[in-house]
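Input: a single structure, listed below in structure tokens.
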Amino acid sequence: MPSRIAGIALDAANPGLLAAFWCAVLDWEVVPEDGDGDELVSIAARDRSGPCMDIIAVPEAKAGKNRLHLDLRADGVSTAAELQRLLDLGATRADVGQGPDVSWVVLADPEGNEFCLLSRTVQDVLRDDEQARQQMQA
């Protein structure tokens with residue numbers, strides 16, 4: 001059997017601040033943990049499906065471009081509306097050399113960790129997948 005992703009670890013100067021941001025972005029919640037909430041904050045989907053995100057306190061600031069990042073899709077709203085919501089939550093636009101003609105928007109969370117908002121919504125992908133499936137069956 002293959003492995004499954006159990007969690008995503010994210011270093012932060014202020015785990016509580018970053019946890020609040022990502023909970024708002026993903027509609028997740030803080031997972032109650034034993035231990036010091038100043039050193040580690042875990043967040044997860046409300047139904048606990050999928051991996052969690054562990055946000056861990058570190059003394060050093062982020063340096064350089066992330067080698068791994070999250071790609072997000074708008075779900076139930078337009079990509080433009082989701083972009084505005086993310087910016088209102090505290091995301092900022094980021095330039096990682098992506099060029100002007102890409103179909104995604106590169107953003108950074110309040111501590112500078114890059115992530116992308118993809119141009120196609122969840123509903124676009126589901127619709128296109130269904131159309132492709134129907135064409136294969138025809």
**Request:** Check whether any side-chain heavy atom of Phe115 sits under 4.5 Å from a side-chain heavy atom of Asp71, and report yes or no.
**Result:** no
**Asked** Residues two or more places apart in sequence or in another chain: which of them pass side chain to side chain donor-acceptor pair (under 3.5 Å) with Asp88?
**Response** Gln84
Side-chain polar contacts of residues 5-14 - donor-acceptor pairs under 3.5 angstrom, sequence neighbours left out - could you list them?
from  : atom 1 : to    : atom 2 : distance (Å)
Asn14 : OD1    : Gly16 : N      : 3.3
Asn14 : OD1    : Leu17 : N      : 3.0

**Asked** Going from CG on Leu107 to SG on Cys116, what distance comes out if it is rounded to the nearest 0.5 angstrom?
**Response** 7.5 Å
**Request:** Would you give the length of the straight line joining atom CG of Asp75 to atom OG1 of Thr121, rounded to the nearest 0.5 angstrom?
**Result:** 8.0 Å
**Request:** Drop me the distance from Arg120's CZ to Gln123's CD, to the nearest 0.5 angstrom.
**Result:** 11.5 Å
**Message:** Is there a side-chain contact between Cys23 and Val30 in this structure, where contact means two heavy atoms from C-beta onward sitting under 4.5 Å apart?
**Reply:** yes
**Side-chain heavy atoms of Trp22 within contact of Val41, under 4.5 Å** = no
**Prompt:** Hey, any chance Val122 and Leu72 share a hydrophobic cluster, counting ILVMFWY side chains that come within less than 4.5 Å of each other, even indirectly?
**Reply:** no
**Request:** Answer whether the closest heavy-atom distance between the side chains of Trp28 and Met53 falls below 4.5 Å.
**Result:** yes
**Prompt:** Sub-3.5 Å donor-acceptor pair from the side chain of Arg73 to the main-chain atoms of Leu117, do we have one?
**Reply:** no
**Request:** Not counting sequence neighbours, which residues clear side chain to side chain contact (heavy atoms under 4.5 Å, CB included) with Arg127? List them please.
**Result:** Asp124, Gln131
**Residue pairs, two or more places apart or on separate chains, that pass ring pair (Phe, Tyr, Trp, His ring centres under 6.0 Å) and touch residues 42-100** = none
**Item:** side chain to side chain donor-acceptor pair (under 3.5 Å) against Arg93, all qualifying residues, sequence neighbours excluded
**Value:** none
**Message:** Taking side chain to side chain contact (heavy atoms under 4.5 Å, CB included) as the definition, give me every residue that meets it alongside Gln137, ordered by chain and number, with sequence neighbours left out.
**Reply:** Arg133
**Request:** For Ser119, check side chain to side chain contact (heavy atoms under 4.5 Å, CB included) against everything at least two apart and list the hits.
**Result:** Ser103
**Message:** Taking the side chain as everything from C-beta on, heavy atoms only, tell me whether Leu18 gets closer than 4.5 Å to Pro110.
**Reply:** yes
**Request:** Could you list the residues that satisfy side chain to side chain donor-acceptor pair (under 3.5 Å) with Ser3, not counting sequence neighbours?
**Result:** none
**Request:** Treat each ILVMFWY residue as a node, draw an edge where side-chain heavy atoms are under 4.5 Å apart, and state whether Leu86 and Leu26 are in one component.
**Result:** yes
**Message:** Using the rule that Ile, Leu, Val, Met, Phe, Trp and Tyr join whenever any side-chain heavy atoms are under 4.5 Å apart, tell me whether Val25 and Val77 fall into a single cluster.
**Reply:** no
**Request:** Return each pair, listed once, that meets ring pair (Phe, Tyr, Trp, His ring centres under 6.0 Å) where at least one residue sits in residues 72-103; pairs must be two or more places apart or across chains.
**Result:** none
**Request:** May I have all residue pairs that pass salt bridge (Lys or Arg N to Asp or Glu O under 4.0 Å) and include part of residues 40-64, sequence neighbours excluded?
**Result:** Asp27-Arg46, Glu29-Arg46, Glu29-Arg48, Lys62-Glu114
**Item:** side chain to side chain contact (heavy atoms under 4.5 Å, CB included) against Ala108, all qualifying residues, sequence neighbours excluded
**Value:** Thr92, Ala94
**Message:** Taking transitive links into account, so neighbours of neighbours count too, which hydrophobic residues share a cluster with Leu118 at under 4.5 Å side-chain distance?
**Reply:** Val96, Val102, Trp104, Val106
